[in-house]
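First up is the structure itself, then whatever we jot down about it.
We count residues from 1, following the sequence as given. For the numbers below, each heavy atom of this structure counts, side chains included, while hydrogens, waters and symmetry mates do not.
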Amino acid sequence: MTSDQPSAEAGFWDRAVELALRGRGLVSPNPMVGAVLVRDRRVIGEGWHRSHGELHAEREAIADAREKGNRVEGATMFVTLEPCGHTGKQPPCADALIEAGVEEVVYACADPTPRTAGVGPERLRAAGVEVRQAEPEEGVDARGLIQDFLKRAATGRPLLILKLAMSLDGAIATHGGDSRWISGPESRRMVHRWRADLDAVAVGAGTFSADNPRLTARLETPDAEPVGGLLAVRQPARVIFDSGPVVSPEAALFEDVETSPVLLVTGPGADRKRLARLEAAGAEVLVTDGGGRRQRFLEAMDLLGARGVGSMLLEGGPTLAGVALESGEVDRFEAFVAPIVLGGGRAAVEGDGPLKMADAIRAQEMLVTRVGQDVHMSAQLKAW
């Protein structure tokens, strides 16, 4: 195969991305990766990274090809991320490709992590394997798969997705604080899917006090209507930004702290006795050093990234949303607009914001769709 055939290879990349997506919510802190093994323009083996600690996509594809009775020697591997050249929970993928006799490796995205960047391709080339990176247009979807991995590699901080549900006139609650439910059931199901896919879900102390939420991912089985069943999914960590703290050890989210950790982000002035009671209930406390609210938020993002949080869904409230936007850390904005008018109520985002329209945050890309009776607006603010 030659590099002047991007259109002929598009189908292989589509399939590799489709395979990679099967690992969503299961592989963090590793990236989602998919691979297809090809001979004579025909796919002979497929693989994806199924779960953190299990075989990587390249080894899965090789094993799949052999199980089907296909000859791997001389084949071409299409993989969404460059093959690793180091030993972690699994041995180097580059070694597996060399040992299998793969003739060519084409990867969509480079790996920016220091211990990995370029090591695998270099080892493959040294062994006589032809290696090339896909054309940029072929790598767009593959990069989209691993935005969390790429941001954390670049900054040490988690990918941050801000989610808001609001009325037509931009309110997230009535003037009395009632917010259940603005969005419809279809929108809420989408949010539960996101919770299961991401490492953490976060809210501010005000939202937490008003709603006493569990913040878990609750995904219905296909037959949930008559049976009421729930899918077993990986649960996100629950993050509460609370400087008081005002969170109580009797809160509902402490009932399943063993399966879904509770992380309390607070400041240096927090009540130590209250913190001790929350720690006794199972909370992990992350203390920022101080400074302005923007600086405290950035420090919290550093602490969460160091704790292993690679992606986080910020679900409220308006004060925390405003701080997150002011910090410049929001990567994606997900808004659900419901067909209701409150004629007042609490604004979706609070804060000073820019003085001039020219300084407003501009979306790089935006997609608008209908979800039940709601309008869903997905805006990409940053791309990694």
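- Side-chain atoms of Ser209 come within 3.5 Å of backbone atoms of Ala205 as a donor-acceptor pair (strictly under, hydrogens ignored).
- Residues Trp194 and Arg24 are not in side-chain contact: their nearest non-hydrogen atoms beyond the backbone lie 4.5 Å or more apart.
- Shown here for Ala108 and Ala134, the closest heavy-atom pair between the two residues is CA-CB, 4.1 Å.
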Pair Ser187-Asp374, side chain to side chain donor-acceptor pair (under 3.5 Å): steps then yes or no
CA-CA 7 Å; Ser187 297; Asp374 302 331; 2.6 Å; yes
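- Side-chain contact between Val349 and Leu164 is present, with at least one heavy-atom pair separated by less than 4.5 Å.
- A continuous path of hydrophobic side-chain contacts links Phe333 to Ile172 [ILVMFWY only; heavy atoms under 4.5 Å].
- Not one N or O on the side chain of Arg346 forms a donor-acceptor pair closer than 3.5 Å with the backbone of Ala173.
- Because its NZ or CZ atom is both nearer than 6.0 Å to the ring centre of Trp181 and within 45° of the ring axis, Arg188 counts as a cation-pi partner of that residue.
- Checked against the 6.0 Å centroid criterion, the rings of Phe241 and Phe297 qualify as a close aromatic pair.
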Checking side-chain contact (heavy atoms from CB on, under 4.5 Å) for the pair Val375/Phe336: CA distance, chi angles, key distance, verdict?
CA-CA 6 Å; Val375 173; Phe336 295 95; over 6 Å; no
Go through the steps for Lys151 and Glu329 under the test salt bridge (charged side-chain N to carboxylate O under 4.0 Å, His left out), then give the verdict.
CA-CA 10 Å; Lys151 181 181 180 182; Glu329 283 298 303; 2.9 Å; yes
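- A donor-acceptor distance shorter than 3.5 angstrom exists from the side chain of Asp64 to the backbone of Glu46, with no hydrogens or angles considered.
- In this structure, the side chains of Gln133 and Val106 stay at 4.5 Å or more apart for every pair of heavy atoms.
- Residue Ser311 holds its OG atom at 13.0 Å from CD1 of Ile146, rounded to the nearest 0.5 Å.
- Side-chain N or O atoms of Asp256 include none that pairs as donor or acceptor with a backbone N or O of Thr259 at under 3.5 Å.
- Atom NE2 of His175 has 12 or fewer heavy atoms from other residues, nucleotides or ligands within 6.0 Å.
- When all heavy atoms of Ala35 and Met77 are compared, the pair lying nearest together is CB-SD, 3.7 Å.
- Side-chain atoms of Thr216 and Arg195 include no donor-acceptor pair closer than 3.5 Å.
- Within a 6.0 Å radius of CD in Glu103, other residues, nucleotides and ligands contribute 12 heavy atoms or fewer.
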Applying side chain to side chain donor-acceptor pair (under 3.5 Å) to Ser260 and Arg238, what does each step give before you reach the verdict?
CA-CA 7 Å; Ser260 185; Arg238 281 82 56 82; 2.7 Å; yes
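- Atom CZ of Arg71 sits about 11.0 Å away from atom CG of Leu37, to the nearest 0.5 Å.
- At least one donor-acceptor pair closer than 3.5 Å links the side chain of Arg59 to the backbone N or O of Pro92.
- Two residues are said to be in side-chain contact when any heavy atoms from C-beta on lie closer than 4.5 Å; Arg157 and Leu304 fail this criterion.
- No single ILVMFWY cluster, assembled from side-chain heavy atoms under 4.5 Å apart, contains both Leu159 and Val309.
- There is a path of hydrophobic side-chain contacts, each under 4.5 Å, that joins Val201 to Leu253.
- A ring-centre distance under 6.0 Å is not found for Tyr107 and Trp13.
- Remark: Glu60 does not engage Arg66 in a salt bridge, criterion side-chain N to carboxylate O under 4.0 Å.
- Within the structure, the side chain to side chain donor-acceptor pair (under 3.5 Å) test picks out the following pairs touching residues 276-288 (sequence neighbours left out): Glu284-Arg307.
- A distance of 8.0 Å separates OG1 in Thr207 from CG in Leu320, rounded to the nearest 0.5 Å.
- Counting heavy atoms of neighbouring residues, nucleotides and ligands inside a 6.0 Å radius, atom CD of Glu186 exceeds 12 of them.
- Taking a cutoff of 4.0 Å between a charged side-chain nitrogen and a carboxylate oxygen, Arg152 and Asp148 do not qualify as a salt bridge.
- Within the 4.5 Å cutoff, the side chain of Leu97 has no heavy atoms near those of the Val129 side chain.
- Salt bridge Arg15/Glu18: present, at least one basic N to carboxylate O contact under 4.0 Å.
- Under 3.5 Å, the side chains of Ser248 and Glu250 contain a donor-acceptor pair of N or O atoms.
- The 12-atom threshold is not exceeded at NZ of Lys273, counting heavy atoms of other residues, nucleotides or ligands nearer than 6.0 Å.
- Using a 4.0 Å cut-off between charged side-chain N and carboxylate O, Lys163 and Glu334 make no salt bridge.
- Shown here for Ala165 and Ile182, the closest heavy-atom pair between the two residues is O-CD1, 3.9 Å.
- The number of heavy atoms from other shown groups lying within 6.0 Å of CD (Gln364) is above 12.
- Contact of the Leu286 side chain with the Leu264 side chain is not registered, since no non-hydrogen atoms from C-beta on lie closer than 4.5 Å.
- In this structure, Glu138 CD and Glu135 CD are separated by 7.5 Å, a value rounded to the nearest 0.5 Å.
- Atom SG of Cys84 is separated from atom CD of Glu58 by 6.5 Å, given to the nearest 0.5 angstrom.
- Within the model, atoms CG of Asp111 and CG of Leu81 stand 5.0 Å from one another, a figure rounded to the nearest 0.5 Å.
- With Ile161 as reference, Leu198 is the one residue of Val330, Leu314, Leu198, Asp331 to meet the side chain to side chain contact (heavy atoms under 4.5 Å, CB included) rule.
- At a threshold of 4.5 Å between non-hydrogen side-chain atoms, the residues Leu278 and Val247 count as touching.
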Show your working on side-chain contact (heavy atoms from CB on, under 4.5 Å) between Val239 and Met312 and close with a plain yes or no.
CA-CA 9 Å; Val239 180; Met312 187 164 72; 4.1 Å; yes
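- Cluster annotation: Val265 and Leu275 are assigned to distinct hydrophobic clusters (Ile/Leu/Val/Met/Phe/Trp/Tyr, side-chain heavy-atom contacts under 4.5 Å, transitive).
- A pairwise comparison of heavy atoms in Ala281 and Pro249 identifies CB-CB, 3.9 Å as the closest pair.
- A distance-only check finds a donor-acceptor pair linking the side chain of Gln90 to the backbone of Gly53 [under 3.5 Å].
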Mind listing the side-chain donor-acceptor pairs of residues 26-33 below 3.5 Å, one per line with the distance, residues two or more places apart or on another chain?
{"residue": "Ser28", "atom": "OG", "partner": "Asp199", "partner atom": "OD1", "Å": "2.9"}
{"residue": "Ser28", "atom": "OG", "partner": "Asp199", "partner atom": "OD2", "Å": "2.8"}
{"residue": "Asn30", "atom": "ND2", "partner": "His49", "partner atom": "NE2", "Å": "3.2"}

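- Ion pairing of Arg293 with Glu326 is present here, as a side-chain N (NZ or NE/NH1/NH2) and a carboxylate O approach within less than 4.0 Å.
- Under a cut-off of 6.0 angstrom, the local environment of CD in Glu73 is crowded, with over 12 non-hydrogen atoms contributed by other residues, nucleotides or ligands.
- Taking hydrophobic clusters as Ile, Leu, Val, Met, Phe, Trp and Tyr residues chained together by side-chain heavy-atom distances below 4.5 Å, Ile361 does not share a cluster with Trp384.
- The closest donor-acceptor contact from the side chain of Thr266 to the backbone of Ala270 lies at 3.5 Å or more, if one exists at all.
- By the neighbour-count criterion of 12 heavy atoms within 6.0 Å, atom CD of Gln373 is sparsely surrounded, having that number or fewer from other residues, nucleotides or ligands.
- In this structure, the side chain of Asp169 engages the main chain of Gly343 through a donor-acceptor pair within 3.5 Å.
- Counting heavy atoms from C-beta on, the side chains of Leu325 and Leu162 come closer than 4.5 Å.
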